[in-house]
Amino acid sequence: MAPWGKRLAGVRGVLLDISGVLYDSGAGGGTAIAGSVEAVARLKRSRLKVRFCTNESQKSRAELVGQLQRLGFDISEQEVTAPAPAACQILKEQGLRPYLLIHDGVRSEFDQIDTSNPNCVVIADAGESFSYQNMNNAFQVLMELEKPVLISLGKGRYYKETSGLMLDVGPYMKALEYACGIKAEVVGKPSPEFFKSALQAIGVEAHQLLSV
């Protein structure tokens, strides 16, 4: 058996990252990475179960999927595991009302969440919304709480766009952790719970998985 065949022995599912693996984001919808559209199509035709995992927090799942479809990918919103819906579930379960330091593009994911009188902060890749005033607002909310809760949609240091490398949410999350003396709860990669939810969605065990 060939080495690649040995690696695939017992594999039933594949988790695919999106940004930097399938495409590079940027102006005009970004660009598909060479061979990625064809690779996804081949996986979809195979016996393997496929799930897409992303820390994308500047776009809703609907917007992200629409963008990928326009680039030629065979993908649906139901096949994507993303941090914003997972964060909303946590907020509902714990009765939390967030101050949202997020990008306007993902705000629709939080439409059903009560944001009055915040008792926690949710931070994501907010882009231009990472102003001093907004960061300070988040800091003030946390410092006024007896038990401050900071939820971060990922903790990446940077990511690649067609125009170059861009700061991700991680450095801003770390700034709030340092200023407030707290530890953020990370929702998204590399959180084990995030990957477990993706595995549950396709009914695959961890030892049956290939992650790309």
Side-chain angles (χ1 to χ4, degrees), residues 17-19 25 52-67 77-78 80-159 161 165-201:
D17 197 354
I18 295 179
S19 181
S25 59
F52 301 89
C53 294
T54 180
N55 269 4
E56 174 62 63
S57 59
Q58 286 198 354
K59 304 179 184 71
S60 66
R61 282 176 301 167
E63 182 182 353
L64 175 62
V65 166
Q67 184 173 322
E77 189 174 341
Q78 292 70 33
V80 177
T81 296
C88 288
Q89 186 65 31
I90 291 172
L91 295 171
K92 291 175 181 177
E93 289 175 351
Q94 298 184 16
L96 295 172
R97 303 179 305 277
Y99 172 80
L100 295 173
L101 182 47
I102 62 177
H103 194 280
D104 285 343
V106 79
R107 198 168 292 274
S108 63
E109 297 274 19
F110 295 86
D111 281 348
Q112 304 303 313
I113 298 298
D114 181 6
T115 57
S116 63
N117 189 25
N119 58 3
C120 75
V121 168
V122 171
I123 186 172
D125 181 10
E128 295 298 325
S129 293
F130 276 134
S131 64
Y132 172 80
Q133 186 60 60
N134 289 340
M135 283 289 288
N136 199 54
N137 288 344
F139 164 73
Q140 290 175 336
V141 168
L142 291 168
M143 291 298 285
E144 290 172 0
L145 297 171
E146 183 178 350
K147 295 182 179 180
V149 176
L150 174 61
I151 297 174
S152 182
L153 307 192
K155 65 173 186 178
R157 294 178 295 168
Y158 58 85
Y159 58 91
E161 287 196 349
L165 297 179
M166 312 293 287
L167 274 178
D168 205 344
V169 65
Y172 300 95
M173 178 198 79
K174 288 293 184 181
L176 289 175
E177 284 185 329
Y178 175 70
C180 300
I182 60 175
K183 188 72 174 177
E185 177 179 354
V186 177
V187 180
K189 298 178 294 181
S191 166
E193 294 303 318
F194 185 72
F195 288 108
K196 286 178 184 177
S197 68
L199 291 175
Q200 290 171 356

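Nothing fancy with the numbering, it's 1 onward along the sequence. Treat the numbers as computed from the prediction; the structure is a model and nothing was measured.
- Heavy atoms only, all atoms of each residue included: Leu91 and Cys120 are closest at CD2-SG, 3.8 Å.
- Closest non-hydrogen pair, Pro98 versus Asp114, comes out as CD-O, 3.3 Å.
- The closest side-chain heavy-atom distance from Ile102 to Glu109 is not below 4.5 Å.
- Summarising the geometry, atom SG belonging to Cys180 is positioned 5.5 Å from atom CE belonging to Met143; distances are rounded to the nearest 0.5 Å.
- Shortest non-hydrogen contact noted between Ser129 and Asn134 is O-ND2, 2.8 Å.
- For the residue pair His103 and Gln58, the shortest heavy atom distance occurs at ND1-O, 3.3 Å.
- Across all non-hydrogen atoms, the minimal contact from Phe194 to Ala82 is CE1-C, 3.6 Å.
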For the pair Asp168 and Arg157, evaluate side-chain contact (heavy atoms from CB on, under 4.5 Å) and give the outcome as yes or no after the intermediate values. CA-CA 5 Å; Asp168 205 344; Arg157 294 178 295 168; 5.8 Å; no
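- Looking at heavy atoms from C-beta onward, Leu153 lies out of side-chain contact with Ile123 at the 4.5 angstrom threshold.
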Please determine whether side-chain contact (heavy atoms from CB on, under 4.5 Å) holds for the pair Cys88 and Gln112, giving the CA-CA distance in whole Å, both sets of side-chain angles, and the decisive distance to 0.1 Å. CA-CA 9 Å; Cys88 288; Gln112 304 303 313; over 6 Å; no
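- Side-chain contact check for Thr81 versus Ser197: some heavy-atom pair is nearer than 4.5 Å.
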Apply the test side-chain contact (heavy atoms from CB on, under 4.5 Å) to residues Val121 and Ile151: give CA-CA distance (whole Å), side-chain angles for both, the deciding distance (0.1 Å), then the verdict. CA-CA 6 Å; Val121 168; Ile151 297 174; over 6 Å; no
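- Of all heavy-atom pairs spanning Phe130 and Ala124, the tightest one is CZ-O, 2.9 Å.
- A 4.5 Å side-chain heavy-atom check between Thr115 and Leu100 finds at least one atom pair inside the cut-off.
- Note that the CD1 atom of Ile18 and the CD atom of Glu56 stand 8.0 Å from one another [nearest 0.5 Å].
- Atom CD of residue Glu177 and atom CG of residue Leu142 lie 10.5 Å apart, to the nearest 0.5 angstrom.
- In the displayed structure, Glu93 atom CD is contacted under 6.0 Å by more than 12 heavy atoms of other residues, nucleotides or ligands.
- Annotation: the span from Lys147 atom NZ to Ile182 atom CD1 amounts to 14.0 Å, rounded to 0.5 Å.
- Not a single salt bridge (charged side-chain N to carboxylate O under 4.0 Å, His left out) links Glu185 to another residue, sequence neighbours left out.
- For the atom pair OH (Tyr99) and CG (Asn137), the distance works out to 4.0 Å, reported to the nearest 0.5 Å.
- Side chains of Tyr159 and Asp125: a donor on one and an acceptor on the other come within 3.5 Å.
- Looking only at atom types and distance, the side chain of Glu63 has no donor-acceptor partner in the side chain of Gln67 under 3.5 Å away.
- Under a 4.0 Å N-O distance rule, the pair Lys189/Asp17 qualifies as a salt bridge.
- By the 4.5 Å heavy-atom criterion applied to side chains, Val122 and Leu101 are not counted as neighbours.
- Within the model, atoms OG of Ser19 and CE of Met166 stand 11.0 Å from one another, a figure rounded to the nearest 0.5 Å.
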